[in-house]
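Read through the structure below, which is laid out as C-alpha cells, and then see the notes.
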Amino acid sequence: MGKGLYLFMSLQFILPFKILLAAQSPLPPPQLWCHDDERSALLEFKGSLVLRYPDFDTCFNSWRPEGEARNCCSWEGVECGGPHNHVIGLNLIQCGGDPYSSINSNSSIFRLVHLQKLNLNSFDLNYSSIPTSLGNLQSLRELTLSRCNLQGMIPPSISNLTKLVTLDLTFNSLRGPILPFISNLTHLVTLELAYNQFTGEILPSLGNLIRLTGLDLRLNQFTGEIPTQIASLTHLQRLGLSFNKLHGTIPASLSELQSLTYLFLRSNNLSGTVQLDMFSEMEHLEQLILSFNNFSLAIGPNGSDSLKNVQILGLAQCNLSEFPEFLEKLDNLFQLDLSYNNLSGQIPEWFLNTTLQTLAYLNLSRNSLTSFPRDLFYYNATYLQSLDLRFNKLQGSLPIPPKQIGYYLVSDNMLSGELSPLLCDWKYVSLLDLSKNNFTGELPQCLSSLSENLVMLTLHSNNFHGRIPLFGSNTSTCALEMIDLSNNQLQGPLPRSLSNCSELTFLNVGSNRIHDTFPSWLGSLSGLRVLILQSNKFHGGIEKPKRDPGFPKLQIIDLSYNNFQLSLPSLYFQSWRHMGVSSPERNYYLSGYNGPFGIFQGFEYSSYDFSMTIINKGVEMEYEKIFGYFKVVDLSSNNFTGEIPDSIASLDGLHLLNLSNNMLIGSVSPSMAALMQLESLDLSQNELLGDIPLQLTQLTFLAFFNVSYNNLSGPIPRGKQFDSFQSNSYLGNEGLCGDPLSRKCGSPPQPPPPNSAENDEGSDATFEIEWKAVAAGYAGSFIVAAAVGHKIITKQPGWFAQTFGLRQHRRRT
Ligand SMILES: *[C@@H]1O[C@H](CO)[C@@H](O)[C@H](O)[C@H]1NC(C)=O
Ligand SMILES: *[C@@H]1O[C@H](CO)[C@@H](O)[C@H](O)[C@H]1NC(C)=O
Ligand SMILES: *[C@@H]1O[C@H](CO)[C@@H](O)[C@H](O)[C@H]1NC(C)=O
Ligand SMILES: *[C@@H]1O[C@H](CO)[C@@H](O)[C@H](O)[C@H]1NC(C)=O
Ligand SMILES: *[C@@H]1O[C@H](CO)[C@@H](O)[C@H](O)[C@H]1NC(C)=O
Ligand SMILES: *[C@@H]1O[C@H](CO)[C@@H](O)[C@H](O)[C@H]1NC(C)=O
Ligand SMILES: *[C@@H]1O[C@H](CO)[C@@H](O)[C@H](O)[C@H]1NC(C)=O
Ligand SMILES: *[C@@H]1O[C@H](CO)[C@@H](O)[C@H](O)[C@H]1NC(C)=O
Ligand SMILES: *[C@@H]1O[C@H](CO)[C@@H](O)[C@H](O)[C@H]1NC(C)=O
Ligand SMILES: *[C@@H]1O[C@H](CO)[C@@H](O)[C@H](O)[C@H]1NC(C)=O
Ligand SMILES: *[C@@H]1O[C@H](CO)[C@@H](O)[C@H](O)[C@H]1NC(C)=O
Ligand SMILES: *[C@@H]1O[C@H](CO)[C@@H](O)[C@H](O)[C@H]1NC(C)=O
C-alpha cells in the first residue's frame with residue numbers, strides 16, 4: 001500500500017517534467033542519444049530477424065538507422081540509462097509481427113554488455129542453444145527467455161552473471177543436468193526452470209541461493225530425492241517440483257519453509273507416510289498440491305490448525321479412506337481434489353454442510369462413493385461450479401447440483417432413472433458428462449435450450465430412448481463442439497437444427513435406432529472432424545455434396561452397419577480435403593478446455609479429451625484420445641454397390657479404410673496404392689474380381705489387410721508388408737494362389753473345407769494378437785505412436801463372432 005502510493009507520487013512528479021522536455025525541443029539533449037556501437041548492434045539484430053507477419057506494425061519499424069529516428073534510446077522495446085546512457089534494457093515481448101531468429105555466440109545482442117534486463121519472452125529463437133557469449137552480459141539482473149524455442153544445455157558461462165536476480169527459462173526444450181555453477185548466482189530471487197527437459201538430481205547446493213523466494217522446477221525429468229538443503233531457503237514463497245521423477249520421502253526439514261504460499265509436489269514418486277502436521281507451521285500456505293505420488297497422508301491431531309488459509313488443496317491419490325475431518329475448518333478452501341483415493345460409501349453430511357459451502361471446484365472421482373445423504377441441491381453449494389464424480393459407485397437418480405454449475409461429470413457410475421427436467425435450469429453448464437450409467441427414459445427436450453453455453457455433451461452408453469432434442473434450434477448461438485449420444489436407443493431423424501451448431505467438431509450418434517438419410521446438410525459445418533453414425537437405420541444413397549467442399553475438416557467418418565445403398569460416395573472422397581496427406585497435426589488432439597478439471601494453478605491442469613470407440617478388424621477399440629492426424633473411413637456393412645472409384649486416391653492421408661461387407665464389384669484399383677499412410681485395409685466380403693494389384697506392396701505401414709470372401713484370383717503379391725499377412729486375409733477367394741495359402745499357383749482350385757467360415761470367426765482373437773505384433777514392428781506408424789501417446793483399450797466383444805455371420809449382409813434389425 002505504502003509502496004504503491006510512493007510510486008504514484010513519484011510518477012506525478014516526473015511526468016510534467018518529461019512533457020516539458022518534449023515540448024521545448026524536438027531532439028533530446030546529446031547525453032540522451034544512444035551509442036553508435038549499441039545502435040549498430042541492435043540494427044544488426046533486427047537484420048537477423050525474419051517476421052512471419054511482415055506487414056504487421058511491429059516495434060522494429062521504429063528501429064531505423066537514419067535521421068532523428070536513429071536515436072536507439074527512443075526505439076520501442078529499448079531502454080537506456082545509467083550515467084552514460086547505455087542500452088540497459090531490451091524488452092521485445094510486445095513486438096508484433098511474430099519475429100523469429102536463430103542466435104549464436106556472434107549474435108550482436110551479446111555486444112550490449114550494459115544490459116541489465118533482457119526479456120525475450122515468446123520470441124522464437126528457432127531452436128538455438130543458449131550461446132556461451134551470454135556470459136558477456138555481466139550486468140544482467142533480469143533474464144527472461146521463456147517460450148523462446150531454446151534447446152540444448154545451459155552454458156557454464158551463465159555463472160558469470162553474478163548479479164542475476166531473476167532467471168526465467170521456462171517453456172523451452174532445455175535439457176541436461178543443472179550444473180553446480182548455478183548455485184554461484186547467489187543474488188537470485190527467482191529461478192524459473194519449469195517446463196523443460198532437465199535431468200539429473202536437484203543439487204543440494206541450490207540451498208546456497210538463500211535469497212530465493214521462487215523456485216519452480218516443475219515439468220522436467222529431475223530424479224533423486226528432494227535435498228534436505230532446500231530447507232535453507234527460508235524466504236521461499238513458491239516451491240514447484242511437480243511432474244518430475246523424484247522419489248524418497250518428503251524431507252521433514254521442509255517444514256522449516258514457513259514463508260511458503262505455494263507448494264506443488266504433484267506427480268512424482270514420493271513415498272512413505274506424509275504427516276500433514278509437517279505443514280502446520282506454514283501459516284501463509286494458500287495452495288498445497290500433494291496429488292499423484294506414492295505416499296499415504298497421515299492426518300495428526302494438529303494438522304488442521306495450519307492450513308487455515310489454504311484455498312487450493314490437491315490430495316488425489318493420497319491413500320485416504322475417509323474424508324479428512326480437518327477439511328471442516330478450512331474456511332477459505334475453494335478448490336479441492338480428493339480423486340483417486342479409497343473413499344467409500346455415503347458422502348458424510350458434515351462435509352456437505354461445511355466444506356462444500358465454500359468450494360467452487362470439487363473432484364471426488366475415482367473413489368467408491370455410493371450416495372449422498374440427501375438430495376445434493378439441499379446443500380445449496382452456492383459457489384460450486386465444477387463437480388467431478390466420475391468412476392464411483394453412485395446409485396439412484398442423478399444428483400442435482402445447483403443452478404450455477406458449469407462442469408458436471410458423473411460418468412461411470414450406476415445411476416438410473418429418468419433425467420429430471422431440473423437440469424434444464426443449468427443455464428451455465430458447458431460440460432455435461434452423464435455417460436456410462438443406466439439412465440432411462442426420454443431425453444428432456446428442454447436440453448436443447450442449454451446449447452447457448454453447452455460446449456460438450458456426452459450421454460453415451462445409457463438406455464435413453466425417444467427423439468434427440470433439437471439442439472441449436474431455440475437459442476441465438478449454439479456453442480456445442482462435441483455431442484456423444486452413442487449407445488442408447490434414440491429414435492427418429494437427426495435434428496436438422498444441428499446445422500446451426502457451427503462450432504461442432506465431434507458428433508457421435510452410433511449404436512442407436514436413428515432412421516434417416518445421409519446428413520449431407522451437416523457438410524456446411526466447416527469444423528466438423530468426427531462423424532460417427534454407425535449401427536443405426538440410416539439408409540438411401542449418398543449423393544453428391546450439397547455444397548463444395550462438404551465436410552472440409554472431416555478426419556473420421558464411420559457409417560458402418562447401416563443400410564446405405566447405391567454407389568460409394570466418390571464425390572465426397574474429393575471433398576473431404578482434410579483426409580489428404582497434408583496437415584499432419586502431430587501433437588494436436590481433440591479435447592475440451594484445459595483447466596477446470598484439475599487443479600489449475602499454472603499448468604497443473606488436465607483436459608477433457610474427446611474419446612470414441614470404433615470397431616475395427618472385428619475388434620472394438622476405444623480411443624481415449626483422438627489425435628488430429630488420425631484419419632478413418634469406415635463404410636463397411638452397408639449395401640454399397642458398384643466399383644471402388646479412383647477418387648479414393650484423394651484420401652491419401654487415411655490410416656484405416658474399411659469397405660468390407662458391401663456388394664462392391666469390379667477390381668481392386670491399383671490407385672489404392674496412393675493411400676500411403678494406410679495401416680488397415682479391409683475389403684473383405686464383397687464381390688471384387690481380378691488380381692490383388694502388385695502396387696499395394698508399396699503400402700509400407702499396412703499392418704492389417706483383409707480381402708477374404710471376394711472373387712479375387714491370381715497370385716498373392718509378396719514382399720514387404722505382404723510377407724506378414726496370414727491366410728485368413730485371403731480365405732474364400734477360390735482363384736487366389738501362392739503363399740500364405742496352401743494352394744500353389746498353377747494348381748487347380750480346391751473345394752473349400754467344410755465350416756471354413758466358422759473356423760475363421762473363431763480366430764478373431766488371434767487376429768488381434770497378430771495385428772498388435774505386426775504393428776509393433778513399424779515405428780512411426782499411428783498405432784505405435786498412439787500406444788505411446790495415449791491409451792487404446794482393446795476389447796474382443798463376445799457378441800461379434802456370434803452376431804455377425806460372415807456372408808450375411810444385414811446385421812441388425
Ligand atoms: C532457423 O533454423 C534453420 C535450421 O537451423 C535455419 O535453416 C534457418 O535459417 C533459421 N532461420 C532463421 C530466421 O534464423
Ligand atoms: C563467429 O564469428 C567468427 C569470426 O567471425 C567465426 O569464425 C565463427 O565461425 C562464428 N561462429 C558462429 C557460431 O557463427
Ligand atoms: C565472463 O565475462 C568476462 C568479461 O566479459 C569474459 O572475459 C569471460 O570470458 C566471461 N566468462 C565466461 C565463462 O563467459
Ligand atoms: C562458482 O563456485 C564454485 C564453487 O562453488 C567456484 O569454484 C567457482 O570459481 C565459481 N565460479 C564463478 C564464475 O564464480
Ligand atoms: C518409485 O520409487 C520406488 C522406490 O522408492 C521404486 O521402486 C519404483 O520403481 C519407482 N516407481 C517409478 C514409477 O518410478
Ligand atoms: C511405491 O513405493 C513402494 C515402496 O516405497 C514401491 O515398492 C512401489 O513400486 C512404488 N509404486 C510405484 C507405482 O512406484
Ligand atoms: C495405503 O493405506 C493402507 C492402509 O490404509 C496401507 O496398508 C497401504 O500400504 C497404503 N499404501 C501406500 C502406497 O502407502
Ligand atoms: C499438537 O498441538 C499440541 C498443543 O498445541 C502440542 O502439544 C503437540 O506437540 C502438537 N503435536 C504435534 C504432532 O505437532
Ligand atoms: C447438516 O445440516 C442440516 C441442516 O442445516 C442439519 O439438519 C444436519 O444435522 C447437519 N448435519 C451434520 C452432520 O452436521
Ligand atoms: C439452503 O438454503 C435454504 C434457503 O436459504 C436454507 O433454508 C437451508 O437451510 C440451506 N441448507 C443448508 C444445508 O445450508
Ligand atoms: C439398468 O436398469 C435396468 C432396469 O431399468 C435393469 O434391468 C438393469 O439391470 C440395469 N443395469 C445395470 C448395469 O445396473
Ligand atoms: C441392396 O441394394 C440392392 C440394389 O440397390 C437392392 O436390390 C437390395 O434390396 C438391397 N438390399 C438390402 C438388404 O437393402
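These values consider heavy atoms only, across backbone and side chains, with no hydrogens, waters or symmetry-generated copies. Counting begins at 1 with the first residue of the sequence. Worth saying up front: this structure is predicted, and the values here are computed from it rather than measured. Order of listing sets the numbers, starting from 1, for every ligand and every atom in it.
- Going from atom CG of L423 over to atom CG of L450 covers 7.0 Å, rounded to the nearest 0.5 Å.
- Taking only non-hydrogen atoms, the option from W350, Y379, Y378 nearest to atom 4 (C) of ligand 9 is Y378.
- Within the 4.5 Å cutoff, side-chain heavy atoms of F439 are placed close to those of L419.
- Annotation: the span from F171 atom CZ to C148 atom SG amounts to 12.0 Å, rounded to 0.5 Å.
- Annotation: atom 14 (O) of ligand 7 to nearest protein heavy atom, S296 OG, 2.7 Å.
- Taking atom 5 (O) of ligand 7 as the reference point, the nearest protein heavy-atom neighbour is N319 ND2, 4.6 Å.
- Residues L394 and T370 are not in side-chain contact: their nearest non-hydrogen atoms beyond the backbone lie 4.5 Å or more apart.
- Protein heavy atom at the shortest distance from atom 13 (C) of ligand 7 is N294 OD1, 3.7 Å.
- With Y378 as the aromatic partner, R374 meets the cation-pi criteria of under 6.0 angstrom to the ring centre and within 45 degrees of the ring axis.
- Cation-pi geometry between R366 and F391 is satisfied (NZ or CZ under 6.0 Å from the ring centre, within 45° of the ring normal).
- Taking every heavy atom of N269 and a limit of under 4.0 angstrom, the matching atoms of ligand 6 come to 14 (O).
- For atom 2 (O) of ligand 7, the nearest protein heavy atom lies under 4.0 Å away.
- In this structure, atom 11 (N) of ligand 7 is in close contact with the protein, since a protein heavy atom lies within 4.0 Å of it.
- Counting heavy atoms under 4.0 Å from ligand 9, residue R374 touches it through the side chain alone.
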